[in-house]
Every structure is written in structure tokens, then in C-alpha cells.
Amino acid sequence: MSSRRKFIKNTTLTTAAVSLTGLGAKAFGLPKQKETSPLVISTWDHGLAANVAAWKIIEGGGKAIDAVEAGVRVPEADPESTSVGYGGLPDRDGNVTLDACIMDETGNCGSVSVLRHIKHPVSVARKVMDETPHVILSGAGALQFALSKGFKKENLLTLKARTAWEAWKKEARYEPVINIENHDTIGMLAIDQKGDISGACTTSGLAFKMQGRVGDSPIIGAGLFCDNEVGGAVATGLGEAVLKTLGTFLVVELMRNGAKPQEACEEAVNRIIRKQVYEDFQIGYLAIDKAGNHGSYCIHKGFNYALMKNGSNQLIDSSYHME
Ligand code: SD4
């Protein structure tokens, strides 16, 4: 092809691409792209320390996907955090089983569920995303994959968690408790300096759950969803209720159709309230849009989240449906 023909072809392609982008933004009501300042946002007060680790990466010009992975690794490694990673409360049979997922700005994602013996499930999820053709690995397969990638096999059941399990076994009643330790998943969303959005979510799931139970946290569209054109959302609380409504996918789709993050979180919680007997469990959603606006809503008073922006890190109480 002559260089002139090549030039004309390339020019036509570029023009087509530009006008398609313009049309796409108009036709689907996407928010106009504007300069967004970076941010990191995450669920519950353990989000404060997690945000600091994530912010270091964002501040240094790193990618949102690396920031969210580094951020949620902080509570994963903390033995005092009884709902995430090492130190997480076990299932009914005394096994600590972990769920986690991660999603980047291109829509790539990876996830592990019912993973035992590995302190950092989010990093295994990242490897599933980066180094396999799959999205989810579960149970023994997830462990085998982690070991093959050099992750260390560890005992994750701390004395504190074992003692809580022994106490629970005396009555062995399974009643999820609102806002107490068994509802403290960390979900994190970040916007980097390029304006790209990624997210991660990691948990030991419900305390004393049935063996093999998978919650919402490792399920893309339930515990976490990001779309770099629109925004992202994370969920915390009773995973079964989030799964039944694909909560974070719903939040992002509502934003795609024009809802603000706050409105989208409220509608997603209200769907659960309209369809389920909601009084005895907690659900909290946290969302950001492409412009860097954020919102949050939960069923019961008590859910909070940590927001790091312009170098300041603060804990904010979510608005709620009932006291
Ligand atoms: C689960 N959604 O496994 C998780 C628990 C949770 O805050 O979010 N706790 O159902």
C-alpha cells in the first residue's frame, strides 16, 4: 500500500474512532470525561490503613489495579481482623476459607473462593486474572494453583479465632449478626492519576458458615464490579442477599444510566428491602463514578467507609435505611 493510501486509511480510521466515541458518549448518556483527581475508597474502618498502602502506589504514579491489591493485603495480613485473611473466623468445622476478587480498568478480572491456607487470596485472584485463561478458581484447585505460583501454605486459624469458634460450638447456632465481626469484608475502589478505575474485595466470609459456602465477595458483579467508562462498586454484608440481586453490577448499571453513586447505592439496597426480609441482616454498598463522585448506602446504621483523596484519609458514616 502506498504511504499516501496508508495515510488516508489511517486518517479515516482515526476519524471514525473519534466520532464513534463521541456518539457512544451521547447515545448512552455516559458522563463527559473530565479531569478526575485520584482517590481510594474502602469499606469499614480497616479501610483507613488499607487506603494508606494503596495511596502510596497512586501517589507514585502507579496503576489503580496495583493500588487496590496492595491496599487490601493490609487487613488480609492483620491477625486482629477476624473477617479477612489471616485471623479470619473459620467455618463450622474450623476451616478458615477465603474469598477474594479483583477487577481492572480493561474489564479483566480474577477470583478465588473457598481458598484455604493462603494469607493473601487477593494476590492469588490477581494471578488467576493475569496468568490463566479463567476468571474463578475454587477450593482445592485454587490452593493447588496458589502453591504452584509460590504462595506459602500457612495455618490461618489464630488462637483468637479458634477460641471464638470453640465458644460458638457450644451452642452452634447460625445467626449472622449485624455489623459485628462477621460483617467486615474489605472492598476497595481506586482511581489512579490516569483516571483509570480498578477494585478488589477480600473476606473470610460469614463466620461459622457451612463448609463450602461461597459468598458474594469473589463473584464479579455481586461483591465487586468496575467499568472504566462508568465507575465501580463494592458490597459488604450478607452475601446471599447481594448475590440474589447482583448488587454491584446493578449499582454500576444504574450509574451508566445516569444515577449518581449515592442514588445507585440507595436503589440497590431498596431492591433488597422490597424483595427480602431484610430486618435481621446488613448490606452496605459503596460506589464511585468516573468523575470521582462517591456514594454509599446501607440497611442498618453502622456501616462506614474510608476515603482517601488529596492526601487526606477520613472515615465517613454511610447513610442508612433504619436505625
Ligand atoms: C460474605 N459479604 O461472605 C461477605 C461478608 C461481608 O462484611 O461482607 N462482611 O457474605
Side-chain angles (χ1 to χ4, degrees), residues 41-47 50 72 74-76 78 80-85 87-92 95-102 111-116 121-122 125 136 138-139 142 156 161 164 174-189 199-225 233-251 265 268-269 272 276 278 280-287 296-306 315 317-318 320:
I41 196 164
S42 55
T43 53
W44 304 106
D45 58 359
H46 53 194
V72 304
V74 174
E76 276 185 346
D78 180 359
E80 292 307 311
S81 170
T82 53
S83 52
V84 181
L89 291 170
D91 67 14
R92 295 174 176 198
N95 309 302
V96 179
T97 69
L98 305 177
D99 291 346
C101 72
I102 191 159
S111 154
V112 288
S113 63
V114 202
L115 176 62
R116 294 178 61 188
V122 73
I136 305 179
S138 189
L156 302 180
Y174 184 58
E175 287 179 359
V177 182
I178 293 161
N179 282 338
I180 322 240
E181 283 138 320
N182 62 353
H183 283 288
D184 288 5
T185 294
I186 185 153
M188 175 180 277
L189 301 162
C201 187
T202 177
T203 189
S204 52
L206 295 186
F208 320 128
K209 60 197 174 186
M210 289 175 72
Q211 188 170 165
R213 180 260 188 192
V214 177
D216 60 316
S217 304
I219 305 300
I220 299 295
L224 166 73
F225 196 72
V234 287
T236 181
L238 184 68
E240 282 71 7
V242 177
L243 282 164
K244 285 174 190 168
T245 52
L246 272 191
T248 57
F249 183 72
L250 174 61
V251 170
C265 290
V269 166
I272 291 172
Q276 299 181 33
Y278 63 89
D280 292 336
F281 63 82
Q282 174 68 305
I283 295 293
Y285 288 117
L286 186 54
S296 159
Y297 198 61
C298 59
I299 298 180
H300 296 273
K301 184 178 178 180
F303 170 49
N304 54 19
Y305 58 94
L315 198 61
D317 288 328
S318 171
Y320 50 86

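Note that ligands are numbered from 1 as they come in the structure, with each ligand's atoms numbered from 1 the same way.
Between the choices Thr203, Leu98, Asp216, the shortest heavy-atom distance to atom 1 (C) of ligand 1 belongs to Asp216.
Judged purely by distance below 3.5 Å, without hydrogens or angles, the side chains of Lys301 and Ser318 never pair a donor atom with an acceptor atom. Side-chain contact check for Thr203 and Thr185: at least one donor-acceptor pair (N or O, by modelled atom type) lies under 3.5 Å.
Residue Ser217 has at least one heavy-atom neighbour below 4.0 Å for each of these atoms of ligand 1: 2 (N), 4 (C). For ligand 1, the atoms sitting less than 4.0 Å from at least one non-hydrogen atom of Thr236 are 6 (C), 7 (O), 8 (O), 9 (N), numbered in the order shown with element in parentheses.
Residue Gly237 has at least one nitrogen or oxygen atom sitting less than 3.5 Å from a nitrogen or oxygen atom of ligand 1, judged on distance alone. On a distance-only criterion, Asp184 and ligand 1 share at least one N/O pair closer than 3.5 Å. Considering backbone and side-chain N/O of Gly205, none are found under 3.5 Å from N/O of ligand 1.
One N or O on the side chain of Gln282 and one on the backbone of Ile299 form a donor-acceptor pair closer than 3.5 Å. Using a distance-only test at 3.5 Å, with no hydrogens or angles considered, no donor-acceptor pair links the side chain of Ser81 to the main chain of Asp78.
Among pairs with a residue in residues 233-247, those fulfilling salt bridge (Lys or Arg N to Asp or Glu O under 4.0 Å) read Arg213-Glu240, at least two apart in sequence or across chains.
When non-hydrogen atoms are compared, ligand 1 lies under 4.0 Å from the side chain of Arg213 (C-beta onward) but not from its backbone.
Take Phe225 and apply the ring pair (Phe, Tyr, Trp, His ring centres under 6.0 Å) test, not counting sequence neighbours, and it matches Phe249.
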